[in-house]
There are 2 protein chains.
Amino acid sequence: MAAVPPISDSPLKTLAQRILPSGPSVELDAIDTKLLVELSRDARIPQSKLADILGMSSPAVADRIARLKQRGVIRGFSVDIDWERLGNSTVAYLSIVAAIGHDQSVVISHLLEIRGVEEISVVTGSNDMVVKIRAHGFDDLRQILANEVWNIAGVQQTVTSIALVHAEPENVTERMLRAISKHDV
Amino acid sequence: MAAVPPISDSPLKTLAQRILPSGPSVELDAIDTKLLVELSRDARIPQSKLADILGMSSPAVADRIARLKQRGVIRGFSVDIDWERLGNSTVAYLSIVAAIGHDQSVVISHLLEIRGVEEISVVTGSNDMVVKIRAHGFDDLRQILANEVWNIAGVQQTVTSIALVHAEPENVTERMLRAISKHDV
DNA sequence: CATGAAACTAAGTACTA
DNA sequence: TAGTACTTAGTTTCATG
């Protein structure tokens with residue numbers, strides 16, 4: 001194992017927690033699945049409405065949600081923002097080749113701190129990492145690259161693919177849940 | 001413009017709505033930003049708590065949220081699921097080269113219908129598209145590629161990068177909002 | 001700010017290992 | 001019998017005109 005550069009301010013410990021296998025795989029029953037589908041459509045739906053839909057009492061729903069949280073299935077509830085509307089419409093994918101002798105997890109730690117970075121993957125193939133960045137126009141993207149990404153020791157080469165069009169299926173979560181579920185929902 | 005293959009069952013119209021520029025850019029004031037930050041942390045927080053945090057009345061908060069929805073900033077509220085926990089832990093990025101003479105939007109339409117597809121980008125550079133797919137193990141990924149992606153007319157070549165490690169910053173939405181905001185939050 | 005709706009708490013019941 | 005998943009009822013808290 002090669003020498004590892006110092007980490008300075010980067011939270012390597014939390015990184016390890018973030019990228020290591022996260023425990024036992026969880027099975028959902030039909031009610032859990034339907035519950036998650038409804039929450040994916042509107043996370044601010046009242047428990048009482050969920051109770052009606054699922055045919056059970058409101059405290060039972062609260063229990064289910066708490067249990068799904070506790071089992072780590074539900075990470076939280078969030079707002080879905082249209083970044084285009086806020087001018088944050090430049091999406092880019094960076095293909096990164098890492099320098100030999102640098103710990104990749106350190107590189108990841110640094111990347112995770114960069115504004116605009118949405119996802120980082122260590123991948124198979126001719127590149128080492130794929131990073132998705134969202135920025136406020138080309139100028140902003142250029143700044144992020146020049147001032148942040150290219151300053152990370154261990155990043156040897158980057159190829160930037162700028163998204164001209166960016167699309168997502170309408171209900172990713174719901175579709176994924178249905179695909180996973182062995183029951184009808 | 002070359003001849004366009006028939007679309008059959010794909011909803012091109014809704015695609016156009018999905019990928020075309022979405023209207024005027026919206027400016028957020030300090031309160032909007034703080035509101036969105038709170039909602040991004042926990043979308044199921046009661047209005048009254050938001051009212052306390054923001055130092056305003058509960059109906060005022062309801063108004064703000066309604067206006068943000070109406071202006072298209074808030075697309076909705078959703079549940080954040082840990083797919084790893086559900087066994088859906090295989091992430092892959094496809095680099096696609098499209099065949100000449102095929103309308104890219106048709107290819108996108110078909111890709112959007114495929115189970116596991118989370119994002120599609122038409123990009124600059126030597127590839128035409130980048131597609132992010134999440135699957136239930138390698139076998140499932142192979143099936144999606146073989147039965148779905150490679151059956152799309154217009155997909156000439158794909159290179160698949162499988163994610164060995166996949167990480168995301170902890171609070172992408174919050175950080176992005178702070179970056180956008182001209183005010184302190 | 002008042003009124004109806006919804007969430008939380010506690011106590012109790014049915015099914016199961 | 002202990003444990004799990006639920007219900008009902010009473011109280012507090014919340015949303016909305």
Side-chain angles (χ1 to χ4, degrees), chain A residues 22-82 171 173-174 176-178 180-185, chain B residues 26 28-88 171 173-174 177 185:
Chain A
S22 49
S25 189
V26 170
E27 286 270 315
L28 301 181
D29 66 15
I31 297 175
D32 286 331
T33 308
K34 198 164 183 185
L35 175 58
L36 290 173
V37 166
E38 292 301 328
L39 285 171
S40 79
R41 288 210 262 251
D42 175 16
R44 280 185 72 80
I45 185 177
Q47 282 186 14
S48 54
K49 292 245 163 42
L50 286 172
D52 288 348
I53 294 168
L54 301 176
M56 60 203 299
S57 71
S58 162
V61 172
D63 265 21
R64 288 265 179 181
I65 294 175
R67 255 180 289 142
L68 285 168
K69 264 185 176 163
Q70 184 257 311
R71 287 194 283 171
V73 177
I74 294 180
R75 277 201 286 233
F77 303 96
S78 71
V79 59
D80 178 16
I81 291 176
D82 186 344
N171 39 12
T173 305
E174 181 172 345
M176 200 100 59
L177 284 167
R178 287 185 200 284
I180 286 176
S181 173
K182 286 152 191 118
H183 326 272
D184 286 339
V185 182
Chain B
V26 171
L28 302 182
D29 65 15
I31 298 175
D32 285 331
T33 307
K34 198 163 183 186
L35 176 57
L36 289 173
V37 166
E38 291 302 326
L39 285 171
S40 78
R41 287 211 262 249
D42 175 16
R44 281 184 70 81
I45 184 177
Q47 284 187 11
S48 54
K49 292 243 163 46
L50 287 171
D52 289 347
I53 295 168
L54 302 176
M56 58 201 301
S57 75
S58 167
V61 171
D63 268 18
R64 288 265 180 182
I65 294 175
R67 243 179 307 136
L68 286 168
K69 265 186 178 165
Q70 182 257 311
R71 286 193 284 171
V73 177
I74 294 181
R75 275 202 288 233
F77 303 95
S78 72
V79 58
D80 179 15
I81 291 176
D82 186 345
W83 295 109
E84 315 278 323
R85 276 293 160 98
L86 298 178
N88 234 14
N171 39 11
T173 304
E174 182 172 344
L177 284 167
V185 182

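What's counted below: heavy atoms across the whole structure, side chains too, no hydrogens, waters or symmetry copies. Quick note on labels: first sequence line is chain A, next is B, and so on, each numbered from 1.
Atom CZ of B:Arg44 is separated from atom CD1 of A:Ile74 by 9.0 Å, given to the nearest 0.5 angstrom.
With salt bridges taken as basic N to acidic carboxylate O contacts below 4.0 Å, one links B:Asp32 and B:Arg71.
One atom, CZ of A:Arg64, and another, P of D:dA5, lie 7 Å apart when rounded to the nearest Å. Straight-line distance from the CG atom of B:Asp63 to the C1' atom of D:dA15: 13 Å, rounded to whole Å. Look at CD on A:Gln47: it is 15 Å from C1' on D:dA15, rounded to the nearest Å.
Among the heavy atoms of the strands lying under 4.0 Å from A:Arg67 are primed sugar atoms or P, OP1, OP2 only; no base atom is included.
Of the candidates B:Arg67, B:Arg64, B:Lys34, B:Asp29 forms a salt bridge (charged side-chain N to carboxylate O under 4.0 Å, His left out) with just one, namely B:Arg64.
Each of A:Pro59 and A:Lys49 was matched to the nucleotide of DNA chain C holding its nearest heavy atom; the match closer to the 5' end belongs to A:Lys49.
Looking at heavy atoms from C-beta onward, A:Val73 lies out of side-chain contact with B:Trp83 at the 4.5 angstrom threshold.
Protein chain A contacts DNA chain C over a range whose 5' and 3' limits, counting nucleotides with an atom under 4.0 angstrom from a non-hydrogen atom, are C:dA6 to C:dT9.
If you check D:dT7, D:dA5, D:dC14 against the side chain of A:Met56, the one that comes closest is D:dT7. When distances are taken from the side chain of B:Ser48 to each of D:dC6, D:dT16, D:dC14, the shortest belongs to D:dC14.
Between B:Glu174 and B:Arg41 the shortest heavy-atom distance is OE2-NH1, 2.8 Å. Taking all atoms of both residues into account, the shortest heavy-atom contact from A:Leu177 to A:Thr33 is O-CG2, 4.1 Å.
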